Amino acid sequence: MPAPDLLLVNARVRTPDLSRHTAVAVHDGLITALGTDAEARTWAGPGTETVDLAGATLTPGLTDAHSHPVWGLEMFTGTDLSAVTDLEGLRAALRRAERRDGWVLGFGLDHNVFGGRPVHRDLVEDALDGAPAHLRLYDGHSVLVSTAALKAAGIEGPRAFAQHSEIVCDADGHPTGHLVEHAAMDLMTPVLPTQPYAERRDRLVELLGAMAATGLTAAHVMDLGGHDVPGLLAGIEEGGDLPVRLRLAPWCMPGAGPEELDGFVRLQERAGRLWAIGGVKFFMDGTVEGGTAWLEHADCHGQGTDAFWPDPAAYSAAVRHLHRAGVGTATHAIGDAAVRHVLDTVEGLGTGGPRHRIEHIETVPDDQLGRFAALGVVASMQPPHTAYTRADHTDEWSKRLGEERAARAWRCRDLRDAGAHLALGSDWPIAHYDARQVLATARAPRGAASARRGLTGLMALEGMTTHAALAAGEETVAGRIAPGHRADLTAFALDPVEAPADETAEAPVRLTVAGGRITYLAGAKV
């Protein structure tokens with residue numbers, strides 16, 4: 001065995017169960033040996049860096065199985081509106097908001113702020129003093145824009161889109177300023193203020209460093225974030241290393257034909273030291289609050305009966321095309337009809353081939369739970385989303401679904417008990433990226449899901465380690481502390497499996513290692 005580059009000693013090593021090992025050796029980005037501290041002293045060479053973890057629990061490196069660190073920076077620009085709870089608070093926040101190139105930009109706006117009223121520009125115009133405004137709703141699937149913003153983008157009335165999107169208009173055909181889903185929101189992109197390349201690069205490195213400080217070593221990025229992002233990541237790696245390993249899945253939208261699908265296949269070849277294109281992301285629906293989740297029965301507003309792909313069979317054909325080429329897929333499916341259609345699609349693919357996964361799964365009936373394990377479909381879920389709902393079901397999410405479907409909220413434990421592999425994430429910037437909060441909320445669900453059983457501590461850890469690795473098709477090289485596996489490691493001052501959930505949410509992180517390199521060390525500047 002070559003002398004290790006990095007030696008971690010005096011640790012409680014989880015593999016993922018607690019073992020007798022107290023030391024881990026790392027060489028050239030891989031774990032090379034596990035043993036006792038006494039054995040570790042014989043491994044060290046003159047160039048070995050040794051870190052004493054002072055009894056910390058060393059786990060496989062935590063992976064956020066659903067995040068948007070690159071595209072999310074665009075969404076996370078302007079005034080943070082996440083703490084606003086009512087219309088008066090929103091107007092006050094907009095009056096004092098800083099402006100960028102004359103625009104008022106905001107993000108994190110909760111649907112509940114409107115108190116059941118339709119989202120409309122008239123509710124905020126008096127606070128803007130005529131400025132163009134672009135306010136992202138927290139779900140990332142809709143925005144509220146002002147009159148001046150509509151004019152700048154040339155939006156004067158309804159339009160038809162190739163995907164499920166809408167320029168919401170009043171009875172006279174005038175836009176309300178509420179733009180729902182991606183095609184409608186994209187109409188604003190040409191007129192919005194842009195971020196210079198250097199600013200994007202520096203913000204991304206800073207963000208990934210902050211993620212590493214919470215124990216994250218990797219993230220499954222559910223977008224490409226723009227055609228220039230591979231170049232952006234390559235540019236960062238020319239001057240150093242990424243603090244977090246990134247696996248990016250570009251979006252496939254309705255209307256994609258064979259040529260575009262083959263382009264996604266070719267994209268899978270692009271990679272750097274700590275980033276790679278892996279899989280393709282689809283949308284089968286939108287969000288419950290926005291009325292675009294695909295439901296088996298309409299919501300309380302009579303919405304939710306349309307799929308994001310106007311022709312669901314075309315979605316299935318696109319997945320089949322990629323499957324035959326060996327490319328796995330991740331499909332956003334929140335509503336029960338969307339989940340069922342994705343499972344039906346995978347069932348039609350037959351056995352063998354790449355792994356497929358479903359993202360979010362916010363409401364699912366009993367008869368679909370066992371199909372995940374039977375078909376080998378990974379359930380990818382984000383427990384922190386439960387914070388946007390209320391236990392008494394008075395929130396917009398619950399009211400739209402009604403009591404029966406709201407009672408099926410975020411069935412993480414039910415899916416695990418049914419044998420499914422369950423990968424956990426945050427969906428940053430929709431929820432905070434703090435990996436400890438993902439672990440804690442998975443064990444102690446909030447809001448509409450609070451009455452459900454949470455995961456055990458080990459199940460939660462597996463959701464961000466072994467099950468996340470399997471979701472990416474990387475179970476033979478990642479997700480475990482074992483020789484030959486990637487040296488992605490997280491050290492906590494307490495044991496995240498045995499400690500109570502509330503303590504895990506604030507557990508001190510002693511160390512984070514990605515690709516064999518220390519990306520966070522408590523009390524040190526990396």
Side-chain angles (χ1 to χ4, degrees), residues 72-159 165-195 286-292 301 303 387-388 390 394-397 399-400 429-431:
L73 286 174
E74 176 187 324
M75 295 176 62
F76 213 67
T77 297
T79 299
D80 185 352
L81 301 173
S82 61
V84 173
T85 59
D86 56 32
L87 274 174
E88 284 308 313
L90 174 58
R91 294 186 186 106
L94 296 179
R95 288 188 185 99
R96 60 176 180 267
E98 293 184 8
R99 302 187 180 189
R100 181 164 188 156
D101 297 339
W103 283 72
V104 174
L105 304 176
F107 62 90
L109 182 58
D110 192 336
H111 291 264
N112 293 301
V113 164
F114 299 96
R117 302 177 187 85
V119 179
H120 201 295
R121 55 191 164 86
D122 287 350
L123 299 173
V124 298
E125 289 287 0
D126 61 347
L128 296 171
D129 195 26
H134 185 269
L135 313 176
R136 293 185 183 273
L137 278 295
Y138 82 87
D139 60 8
H141 284 250
S142 58
V143 297
L144 173 59
V145 299
S146 66
T147 300
L150 289 170
K151 184 177 180 180
I155 300 173
E156 299 178 343
R159 299 188 191 180
S165 293
E166 181 183 7
I167 299 170
V168 180
C169 295
D170 61 22
D172 297 321
H174 300 132
T176 65
H178 191 199
L179 308 179
V180 180
E181 293 301 338
H182 302 288
M185 293 190 295
D186 287 348
L187 297 176
M188 297 301 306
T189 302
V191 299
L192 290 174
T194 59
Q195 297 180 58
T287 68
V288 170
E289 299 92 326
T292 53
H301 294 283
Q303 297 178 308
Y388 291 109
R390 300 170 187 163
T394 59
D395 58 282
E396 287 299 310
W397 186 93
K399 287 191 295 185
R400 273 189 175 266
I430 309 307

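Since the structure is predicted, the reported quantities are computational estimates derived from the model, not experimental observations.
Checked against side chain to side chain donor-acceptor pair (under 3.5 Å), Arg95 has no partners two or more places apart in sequence or in another chain. Residues forming a side-chain contact (heavy atoms from CB on, under 4.5 Å) with Ser82 (at least two apart in sequence, or on another chain): Asp80. In this structure, the side-chain contact (heavy atoms from CB on, under 4.5 Å) partners of Ala131, at least two apart in sequence or on a different chain, are Arg99, Val104. Applying the side-chain contact (heavy atoms from CB on, under 4.5 Å) rule to Pro158 yields the partners Cys169; only residues at least two apart in sequence or on another chain are considered. Qualifying ring pair (Phe, Tyr, Trp, His ring centres under 6.0 Å) partners for Phe114, counting only residues two or more places apart in sequence or in other chains: none. Under the rule for a side-chain contact (heavy atoms from CB on, under 4.5 Å), the partners of Ala431 that lie at least two apart in sequence or sit in another chain are Pro384, His385. For Arg400, the side chain to side chain donor-acceptor pair (under 3.5 Å) criterion is met by Asp299, Gln303, not counting sequence neighbours. Qualifying salt bridge (Lys or Arg N to Asp or Glu O under 4.0 Å) partners for Glu125, counting only residues two or more places apart in sequence or in other chains: none. Checked against side chain to side chain donor-acceptor pair (under 3.5 Å), Asp122 has no partners two or more places apart in sequence or in another chain. Under the side chain to side chain donor-acceptor pair (under 3.5 Å) criterion, His141 pairs with Glu181, not counting sequence neighbours.
Classification of the Phe107-Phe76 ring pair by plane angle, with boundaries at 30° and 60°, yields tilted.
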Could you check Asp395 against Tyr388 for side chain to side chain contact (heavy atoms under 4.5 Å, CB included), going step by step and ending with a plain yes or no? CA-CA 8 Å; Asp395 58 282; Tyr388 291 109; over 6 Å; no
Might you work through the side chain to side chain contact (heavy atoms under 4.5 Å, CB included) test for Leu105 and Leu192, ending with a clear yes or no? CA-CA 9 Å; Leu105 304 176; Leu192 290 174; 4.3 Å; yes
Side chain to side chain contact (heavy atoms under 4.5 Å, CB included) between Leu81 and Leu135, intermediate numbers included: CA-CA 9 Å; Leu81 301 173; Leu135 313 176; 4.3 Å; yes
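Between Ala133 and Ala149, the closest heavy-atom pair is O-CB, 3.5 Å. Nearest heavy-atom pair across Ser146 and Leu128 is CB-CD1, 3.6 Å. For the pair Leu150 and Pro175, the tightest heavy-atom approach, listed with the atom from each and the gap, is CD1-CB, 3.9 Å. Shown here for Arg100 and Thr194, the closest heavy-atom pair between the two residues is NH2-O, 3.6 Å. Considering every non-hydrogen atom in both Gly140 and Ile430, the closest pair reads N-CD1, 3.8 Å. Residues Ala183 and Ser165 approach most closely at N-OG, 3.2 Å, considering heavy atoms.
With hydrogens and angles ignored, the 3.5 Å screen pairs no side-chain donor or acceptor of Ser142 with any backbone N or O of Leu137. Within the 3.5 Å criterion, the main-chain N or O of Glu396 finds a donor-acceptor partner in the side chain of Asn112.
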Which atom pairs, donor and acceptor, lie under 3.5 Å between side-chain atoms of residues 83-90 and protein residues at least two apart or in another chain?
residue: Asp86; atom: OD1; partner: Glu88; partner atom: N; Å: 3.4
residue: Asp86; atom: OD1; partner: Gly89; partner atom: N; Å: 2.7
residue: Glu88; atom: OE2; partner: Arg91; partner atom: NH1; Å: 2.4

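Rounded to the nearest 0.5 angstrom, Glu166 CD and Met185 CE are separated by 13.0 Å. Separation of atoms CZ (Arg121) and OG1 (Thr147) is listed at 4.0 Å; rounding is to 0.5 Å. To the nearest 0.5 Å, atom CG of residue Asp186 and atom CG of residue Leu179 are 10.0 Å apart.
Looking only at side-chain heavy atoms (C-beta outward), Ile155 and Met188 come within less than 4.5 Å of each other. Val119 is not listed as a side-chain neighbour of Val180, based on a closest heavy-atom distance of 4.5 Å or more.
Sorted by first and then second residue, the salt bridge (Lys or Arg N to Asp or Glu O under 4.0 Å) pairs with a member in residues 130-145 read Glu74-Arg136; sequence neighbours excluded.
Under a cut-off of 6.0 angstrom, the local environment of CD in Gln195 is crowded, with over 12 non-hydrogen atoms contributed by other residues, nucleotides or ligands.
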